[in-house]
**Q** 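Can you keep this structure in mind? I'll have questions shortly.
All heavy atoms count here, side chains included; hydrogens, waters and symmetry mates do not. Chain letters run A, B, ... following the sequence lines, proteins first, then strands; residues in each count from 1.
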Amino acid sequence: MPELPEVEMICRMLRERILNQKVISVNVLLPRIIREGDLNTIVGSVFTRVYRQGKFICFDLDNELKMYAHLRMTGTFLWQDDLPKKPSHVRVEIEFEKGTLLYRDIRTLGGIWIAENGKPPWKKMGVDPFDDEFTSERLSEMFDKRKIAVKQALLDQSLIAGLGNIYSSEALFKANIHPGRTAGSLDINEITRLRDAIKEILTAAIEAKGTTFRDFQLSDGKEGGFQDFLSVYRKEGLLCSRCGTQIERIVQAQRSTYFCPKCQG
DNA sequence: ATATCTGCCTGCTCGC
DNA sequence: TGCGAGCAGGCAGATA
């Protein structure tokens with residue numbers, strides 16, 4: 001499940017592969033992946049910039065068009081020439097002058113938007129954890145009086161952009177905060193710990209080229225390495241690396257949360 | 001305004 | 001061996 005580090009890795013690959021190249025042709029194998037606009041309209045355009053907004057990938061073209069992509073659970077971009085053979089579940093192909101970009105998505109929850117007016121597909125984008133604005137003061141304002149669990153607050157993309165289920169659990173463990181605490185109940189010391197933990201976890205995950213759990217793979221088909229450094233995610237019943245207590249799993253908002261009941265008590 | 005619930009999707013794992 | 005149930009979960013949209 002691509003979260004900020006995985007999306008960041010894909011952005012870096014895309015910059016290496018498709019910048020300043022003209023689109024020769026497109027092939028939409030599954031039409032509903034194109035959520036808005038017509039992919040054919042990008043033929044002949046040159047991609048001039050690729051960047052990330054939360055978990056969205058944003059593409060600037062050399063005209064009025066903008067393209068956006070969200071990978072959701074199982075989406076990814078692959079550079080065909082880097083692969084030994086063509087993968088399954090390819091939903092969209094974009095042929096460039098120097099090769100072909102594949103959009104692969106097993107569960108087809110992801111999507112691509114072509115915006116003629118440049119308008120992004122998201123409603124409200126929260127602060128990016130690597131932005132200077134991501135301070136403990138800002139986090140404190142976001143959480144103030146909020147009654148939702150802090151784990152759920154971390155997943156709210158209109159507050160903080162880029163965290164998903166894996167890194168939310170990991171950050172709370174690193175900050176020694178119980179995931180069930182209400183967001184509004186955290187004091188400034190806890191908020192500062194959490195803010196620092198989020199940045200540290202995401203930085204380490206990017207260094208390890210992301211977490212591969214089931215589906216995620218890098219542009220060349222290789223796997224990320226951060227799954228080897230996870231402390232709690234998917235480790236129910238295993239012993240906490242810090243204190244030896246069994247890791248527990250709870251369900252919050254229909255999603256699994258993993259934590260150490262002693263360290264995060 | 002905030003909080004909660006549902007539907008979207010496919011592949012894998014588990015129990016019978 | 002086959003098969004259905006349960007699960008993985010990000011997000012939009014609906015509802016409370």
**Q** As a test of understanding, state which of A/Tyr167, A/Phe173, A/Tyr233 forms a ring-ring contact (aromatic ring centres under 6.0 Å, His included) with A/Tyr258.
**A** A/Tyr233
**Q** Taking only the side-chain heavy atoms of A/Lys55 (C-beta and beyond), determine which of C/dG10, B/dT10, B/dA3 contains the nearest atom.
**A** C/dG10
**Q** A/Asp81 side chain to A/Gly99 main-chain N or O, any donor-acceptor pair under 3.5 Å?
**A** no
**Q** Considering only B/dC9, B/dT4, C/dG9, which nucleotide approaches the side chain of A/Tyr233 most closely?
**A** C/dG9
**Q** Go through C/dC11, B/dT6, B/dT10 for me and flag the one nearest to the A/Gln254 side chain.
**A** B/dT6
**Q** Rounded to whole Å, please give me the gap between CZ in A/Arg107 and C1' in B/dC8.
**A** 9 Å
**Q** How many Å lie between CZ on A/Arg234 and C1' on C/dG9, as a whole number?
**A** 11 Å
**Q** A/Lys145 side chain N/O closer than 4.0 Å to the phosphate oxygens (OP1, OP2) of B/dT2?
**A** no
**Q** Whole Å only: how far is the CD1 atom of A/Ile166 from the P atom of C/dG10?
**A** 8 Å
**Q** Suppose we call a contact any N or O donor and acceptor under 3.5 Å apart; does that hold for the side chain of A/Arg255 and the base of C/dA8?
**A** no
**Q** Nearest to the A/Ile148 side chain among C/dA8, B/dT6, B/dT4, which nucleotide is it?
**A** B/dT4
**Q** What is the distance from CG of A/Asn165 to P of C/dG9, rounded to the nearest Å?
**A** 5 Å
**Q** Starting at the 5' end of DNA chain C, which residue's closest nucleotide do you reach first, A/Pro121 or A/Tyr258?
**A** A/Tyr258
**Q** Please round to the nearest 0.5 Å and tell me the distance separating atom CG of A/Leu4 and atom CD1 of A/Ile160.
**A** 11.0 Å
**Q** Does a side-chain N or O from A/His89 land closer than 4.0 Å to OP1 or OP2 of B/dC9, or not?
**A** no
**Q** Using heavy atoms to find the nearest nucleotide of DNA chain B for A/Arg146 and A/Leu109 separately, return the residue whose nucleotide is more 5′.
**A** A/Arg146
**Q** Can you tell me which nucleotide in B/dT4, C/dG10, C/dA8 comes closest to the side chain of A/Gln152?
**A** B/dT4
**Q** So A/Phe77 and A/Phe59, would you call those rings parallel, tilted or perpendicular, with 30° and 60° as cut-offs?
**A** perpendicular
**Q** At under 4.0 Å, does any side-chain N or O of A/His70 touch on OP1 or OP2 of C/dG10?
**A** no
**Q** Would you kindly give the CZ-to-P distance between A/Arg72 and B/dG7, to the nearest whole Å?
**A** 16 Å
**Q** Any non-hydrogen side-chain atom of A/Lys55 less than 4.5 Å from a side-chain atom of A/His70?
**A** yes
**Q** Out of C/dA8, C/dC11, B/dC9, which has the shortest distance to the side chain of A/Arg249?
**A** C/dA8
**Q** Take the protein atom CG of A/Leu163 and the nucleotide atom C1' of C/dC11, then report the distance between them rounded to whole Å.
**A** 15 Å
**Q** Can the ring centres of A/Tyr68 and A/Phe56 be said to be less than 6.0 Å apart?
**A** no
**Q** Under 4.0 Å, counting only non-hydrogen atoms across every strand here, what does A/Arg32 touch: a base, just sugar-phosphate, or nothing?
**A** sugar-phosphate
**Q** Nearest whole Å is fine: how far is C/dC11 C1' from A/Leu71 CG?
**A** 13 Å
**Q** Between B/dG11, C/dG9, B/dC5, which one does the side chain of A/Ile106 approach most closely?
**A** B/dG11
**Q** Over how many whole Å does the gap from A/Gln252 atom CD to B/dT4 atom C1' extend?
**A** 14 Å
**Q** Examine C/dA8: is either OP1 or OP2 under 4.0 Å from a nitrogen or oxygen in the side chain of A/Thr74? Give yes or no.
**A** no
